[in-house]
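Working notes for the structure below.
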2 protein chains.
Amino acid sequence: MYRPALPWTMSKDTVAQNFSSKAYMDTLQPGPAPSPPPCKACRLRKTGAFTPVSADEMAFIESFRTSTLNRPAGSTLMHEQKPGGKLFTLYAGWAFRYKTLSDGRRQILNFLLPGDLIGLQQEFSDGAMHGIEAVTDVSLCVFPRDGLWELFRRYPNLGYDITWLAAREEGMVDDNLLSAGRRNAAERVAMLLMHLYRRLERLGLVQDGSVEFPINQQHIADILGLSLVHTNKTMRRLQQLGLHEIRNGRLWLRNPKALQRLADYYDAPLRRAPLL
Amino acid sequence: MYRPALPWTMSKDTVAQNFSSKAYMDTLQPGPAPSPPPCKACRLRKTGAFTPVSADEMAFIESFRTSTLNRPAGSTLMHEQKPGGKLFTLYAGWAFRYKTLSDGRRQILNFLLPGDLIGLQQEFSDGAMHGIEAVTDVSLCVFPRDGLWELFRRYPNLGYDITWLAAREEGMVDDNLLSAGRRNAAERVAMLLMHLYRRLERLGLVQDGSVEFPINQQHIADILGLSLVHTNKTMRRLQQLGLHEIRNGRLWLRNPKALQRLADYYDAPLRRAPLL
DNA sequence: CGAGCCTTTGACTTATATCAAGCGCCGTGG
DNA sequence: CCACGGCGCTTGATATAAGTCAAAGGCTCG
């Protein structure tokens, strides 16, 4: 199985702290098992980033989950053409949704972080398909697609939550579209860095003023709608201006104020999100 | 109240057939009243473009609807900053969702056509706001935002439908992001024309091989992420190549095959959509 | 030790933006 | 009824942001 090299220069002595799913989880939950535990022991729920659920709902979610799954970095979690596929919650690791044109041009639609629901659109949308690929090793909770309707019927709250998640994801794509359509290269980079940092922050993943940052410049180019070379030059410039720093697979915002101003990004506080 | 001039050149003798909500509706339902009728007489449901609902659900929807509303072309249906606002179904006319940067750059996120649900995201998303503006005169069915949860509880089917609508809209934004990020100007235009034509077609709005097309080139530039001038030059070229024609506020696809090839657009058949 | 990724950089090309001006149609007001 | 102003479309000239091409270096893995 293809396993991409770790991004950015990484000195030997820090290799051990890479961002594979295993290492990632180890930071919060020591032990060898990367697989999600039973729902009531879910690490994510303990972060306070998610809305609490009743014992009843928790039990249903647990029973609704048919299995858990680990996939290595770079693997395709959902194919761009094939409909069907499962419904997942990303438990650990990074992934992304994307679309490609037939000549290979690729656009990343948004990044998926722990707690995000994956594959909802396949259930609905008008054939407009997208693929999903794992950036790092990932672990997933698997739900049956055809049980979704039962969920809505038996637990309207959870149905409401799913709509919430769908609307939130749309909001992220909206932001991205604003970037791709109307921001210049530097503004796009600033926006992306702020956006990802804040999402990770909410998940409690800031450590020593930095977050894990497993994506490479090709990913960044593909989400921003820029070429790889131009992305590189732009990021280099921002880094040299002291706005941010990416090193050893981690991201520091050295001057968040300036980044925020550059991106014309005004944050509302992130609310707690539902978690399935 | 500001009332924009009709787009593109329009000779005097065709002015009467403009695309105000009233004229629009008159084409299908003669009579002076532009306001939506009772739900069971809803013109939209008769098009076959929407999924049928039970009598029970229909009655609930009717009672859920607090009022109807007409707004003139150019008016703001939802403010970009202010949260709250109502929940609407667009009954007649065109509108669009947009975001702006503080220096005025505007990105249209997607167009809203009859049957589309409006304002769902305001209920949920993390502060990431967008505005909504009417392109033509519009008429709307108004629903109370705080009744949404009750809807989910009492009619899980309808909750499911709302999720469907949210996912479908996200799919449209996805497509748009692919365009803005990875397609060149001509490809973007081709994509947009195909996309809008097909949506209108599904609503039964094709007449004599053309559809009403009330948006101007500034709208098109703003949804495609291009400048007005470049949009004009690109569209001019495509029109001269015989791919399409826009005249008297109507759009013809003169060479759909070529447009489709140019846009790298492959259509799955549009499914019936829910209608609230 | 060699191969493969990923990053970096310089030189050059090109797509798109910006600036500026003119035209036609329409609605308005004298 | 005519003149004027506004809006939307069109076009040419010029500027610039971003893309493309090419090559090299660092790390890591095998």
Side-chain angles (χ1 to χ4, degrees), chain A residues 1-20 72-74 103-106 135 179-189 213-222 224-240 245-249, chain B residues 1-16 18-20 73-74 103-106 135 179-189 213-222 224-240 245-249:
Chain A
M1 177 81 57
Y2 168 68
R3 177 68 198 286
L6 294 172
W8 281 286
T9 50
M10 173 170 289
S11 64
K12 277 181 179 171
D13 56 5
T14 57
V15 167
Q17 318 165 9
N18 74 45
F19 1 77
S20 71
D103 65 358
R105 282 175 284 177
R106 179 175 78 169
V135 175
S179 278
R182 291 301 179 207
R183 280 190 249 251
N184 66 30
E187 293 166 346
R188 294 184 207 187
V189 170
F213 205 69
I215 57 180
N216 63 32
Q217 294 189 0
Q218 185 64 64
H219 290 122
I220 296 179
D222 283 350
L224 297 182
L226 297 170
S227 71
L228 175 61
V229 173
H230 197 56
T231 300
N232 176 282
K233 286 172 178 167
T234 304
M235 295 189 70
R236 209 87 242 295
R237 216 176 76 233
L238 295 188
Q239 179 146 344
Q240 269 159 4
E245 184 176 353
I246 293 171
R247 191 168 37 83
N248 293 350
Chain B
M1 178 81 58
Y2 168 69
R3 177 68 199 285
L6 292 172
W8 281 285
T9 51
M10 174 169 289
S11 64
K12 278 182 179 171
D13 55 5
T14 56
V15 168
N18 74 45
F19 359 78
S20 72
D103 65 357
R105 283 174 283 178
R106 180 174 78 169
V135 175
S179 278
R182 292 300 182 209
R183 280 191 249 250
N184 66 30
E187 293 166 346
R188 293 183 208 188
V189 169
F213 204 69
I215 57 180
N216 62 32
Q217 294 187 358
Q218 185 65 64
H219 290 122
I220 297 179
D222 282 350
L224 298 182
L226 297 170
S227 71
L228 174 61
V229 173
H230 197 58
T231 300
N232 176 283
K233 286 172 177 167
T234 304
M235 294 189 69
R236 207 89 242 296
R237 218 177 73 233
L238 294 188
Q239 179 145 344
Q240 270 159 5
E245 185 175 354
I246 293 171
R247 190 168 38 84
N248 293 350

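Convention: sequence-line order gives letters A, B, ...; per-chain numbering from 1.
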Point to revise | Verdict with reasoning, B:R105 to B:D222, per salt bridge (charged side-chain N to carboxylate O under 4.0 Å, His left out) | key: CA-CA 9 Å; B:R105 283 174 283 178; B:D222 282 350; over 6 Å; no
Exercise for review: Without swapping roles, check the side chain of A:R183 against the backbone of A:R188 for a donor-acceptor pair under 3.5 Å.
Suggested key: no
Give the table of side-chain donor-acceptor pairs shorter than 3.5 Å for residues 225-234 of chain A, with sequence neighbours excluded, one pair per line with atom names and distance.
unit_1, atom_1, unit_2, atom_2, d
A:S227, OG, A:H230, N, 3.2
A:T231, OG1, A:S227, O, 2.7
A:N232, ND2, A:Q217, OE1, 2.8
A:T234, OG1, A:H230, O, 2.7

Starting at [atom1] of [X] and ending at [atom2] of [N], how long is that distance when rounded to a whole Å?
| X | N | atom1 | atom2 | value |
| --- | --- | --- | --- | --- |
| A:Q240 | C:dT7 | CD | P | 16 Å |
| A:Q239 | C:dT9 | CD | P | 10 Å |
| B:R105 | C:dT16 | CZ | C1' | 15 Å |
| B:N248 | D:dC9 | CG | P | 13 Å |
| A:F213 | C:dT7 | CZ | P | 11 Å |
| A:R183 | C:dA17 | CZ | P | 17 Å |
| B:Q218 | D:dT10 | CD | C1' | 14 Å |

Can you tell me if the side-chain N/O atoms of [X] get under 4.0 Å from OP1 or OP2 in [N]?
| X | N | result |
| --- | --- | --- |
| A:R236 | C:dT9 | yes |
| A:Q217 | C:dC5 | no |
| A:N232 | C:dT7 | no |
| A:N184 | D:dA17 | no |

Review point. Any side-chain donor-acceptor pair under 3.5 Å between B:H219 and B:N216?
Key: yes
Revision key, fill the gap. CZ (A:R236) and CD (A:Q240) are apart, to the nearest 0.5 Å, by 5.0 Å
Practice item. Mind checking A:L226 for me? I need base, sugar-phosphate or nothing, with any heavy atom below 4.0 Å counting as a touch. Key: sugar-phosphate
Revision key, fill the gap. Comparing nearest nucleotides in DNA chain C, the 5'-proximal residue of the pair A:R182, A:K233 is A:K233
Review point. Between D:dT20, D:dA18, C:dA17, which one does the side chain of B:H230 approach most closely?
Key: C:dA17
